[in-house]
Amino acid sequence: MSQKNSLPAVFLTPAMGILAVLALVPTAYAIYISFQNRELSRPDGSLVGFANYIDLFSDRRFINAIGVSLTWEAVTVGMTLLIAVGLGILLFECVSPRTRNLLALLFLVPVILPRVSAAFVWKFAFHPLYGIATYPYKAITGQPLDLLSNPATALATVALVDVWQWGLFFAVIVLKLLETLPPQPFEAAKLDHARTWEIYAFIALPMLKAPLISLAFVKMIESLRAFDLIYVMTRGGPGIATETLDMYAFSQGFIESGRISYASSMAVLMMIATSIAFTFIWKRVQ
């Protein structure tokens, strides 16, 4: 092998080796202790086989966490892409290039903010007595509006913050993608008297299918990492209305009962399920 051909391996091998250790060792250890009955107060657990996995499917709180996680994924991914595409097209169609650049800079601010900081700001904004987001309702009706303490609205309220943070950022990406498209198809469609929505629905968006699918996968993965946002704003409440799988695993492993083997079995199942789901979806959309 020549020096030129071996150079990428020289630079990549150490980094990939470190990444493999950091990723594989914790994963292998989590799988190992998921077959035990280990607890934080009793680290010398014994092997119990698949008992933890069997117990999960009779755990109503685990089933609820699955439903909350799926709802969270569907709402945040769907609404983020919908707002990103709609806002990106609106900026491309109605705003001058100089104003676009200014707005794009402003739209990057939410995603730059630390997630915990944004969560605290929005939690205070939704305060039933002093929050700026709930003040108009209180001023009109005289009654406080506690969105985060209502099981019917808590998850949607937290999802709104997630969509605000990522929808604006993705709108900038969609805008820049639209700016890279060749103008000839748009001009030909206008000569054929195509409506604006038809131009974007049948020309622009199909041309952007691959990057939009990539954005969807990025958001799906990011939505799985929303523990900090939900924990700061609701701590999984009211009750278990906003408790996702990762929050339930954390609660079982470190907060309530210290059942780290039980929590590890949830993490392993979540890893397997997401890997299978993402692989299946990726192959279907190709």
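Side chains included, hydrogens not; waters and symmetry mates left out as well; all remaining heavy atoms used.
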Should [X] and [Y] be counted in the same cluster of Ile, Leu, Val, Met, Phe, Trp and Tyr side chains packed under 4.5 Å apart?
X	Y	answer
Ile33	Ile272	no
Ile83	Val77	no
Val121	Val161	no

Has the side chain of [X] got a donor or acceptor atom that lies under 3.5 Å from a matching backbone atom of [Y]?
X	Y	result
Arg259	Gln252	no
Thr274	Met271	yes
Asp192	Ala194	no
Ser265	Tyr262	yes
Thr157	Leu148	no
Thr242	Gly237	yes
Asn52	Asn37	no

Any heavy-atom pair between the side chains of [Y] and [X] that's under 4.5 Å?
X	Y	answer
Leu178	Leu181	yes
Asn64	Arg60	no
Leu215	Leu212	yes
Thr153	Phe126	no
Trp282	Ile213	yes

Considering residues, nucleotides and ligands other than [X], do more than 12 of their heavy atoms fall under 6.0 Å from its [atom1]?
X	atom1	answer
Phe50	CZ	no
Lys190	NZ	no
Phe217	CZ	yes
Ile132	CD1	no

Legend entry - Those residues that, when tested against Val75, pass side chain to side chain contact (heavy atoms under 4.5 Å, CB included) (two or more places apart): Thr71, Met79, Ala159

Legend entry - Residues forming a ring-ring contact (aromatic ring centres under 6.0 Å, His included) with Trp72, sequence neighbours excluded: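 None.
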
Inset, instruction - Please name all residues satisfying ring-ring contact (aromatic ring centres under 6.0 Å, His included) with Phe227, sequence neighbours left out, ordered by chain then number. - result: Tyr231, Phe250

Distance from [X] atom [atom1] to [Y] atom [atom2], nearest 0.5 Å?
X	Y	atom1	atom2	result
Arg38	Leu47	CZ	CG	9.5 Å
Ser261	Tyr32	OG	OH	9.5 Å
Leu155	Glu243	CG	CD	12.0 Å

Show which side-chain atoms of residues 104-119 pair as donor or acceptor with protein atoms under 3.5 Å away, not counting sequence neighbours.
unit_1, atom_1, unit_2, atom_2, d
Arg115, NE, Gln165, OE1, 2.9
Arg115, NH2, Glu222, OE2, 2.1

Would you call the rings of [X] and [Y] parallel, tilted or perpendicular, where under 30° means parallel and over 60° means perpendicular?
X	Y	value
Tyr200	Phe92	perpendicular
Phe62	Tyr248	tilted
Phe170	Trp166	perpendicular

Legend entry - Pair listing, ring pair (Phe, Tyr, Trp, His ring centres under 6.0 Å) test, anchored in residues 129-148, at least two apart: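 Matches after skipping sequence neighbours: His127-Tyr130.
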
Inset, instruction - Apply side chain to side chain donor-acceptor pair (under 3.5 Å) to Gln184 and list each qualifying residue two or more places apart in sequence or on a separate chain. - result: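 Residues passing side chain to side chain donor-acceptor pair (under 3.5 Å) with Gln184: none at all.
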
Inset, instruction - Identify the two heavy atoms, one from Leu245 and one from Ser69, that lie closest to each other, and give their separation to 0.1 Å. - result: N-OG, 2.9 Å

Inset, instruction - State, without any angle test, whether Ser223 and Lys219 hold a side-chain donor-acceptor pair at a distance under 3.5 Å. - result: yes

Legend entry - Single hit among Ile255, Ile230, Val68 for side-chain contact (heavy atoms from CB on, under 4.5 Å) with Met247: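 Running side-chain contact (heavy atoms from CB on, under 4.5 Å) over Ile255, Ile230, Val68 with Met247 returns exactly one hit, Ile230.
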
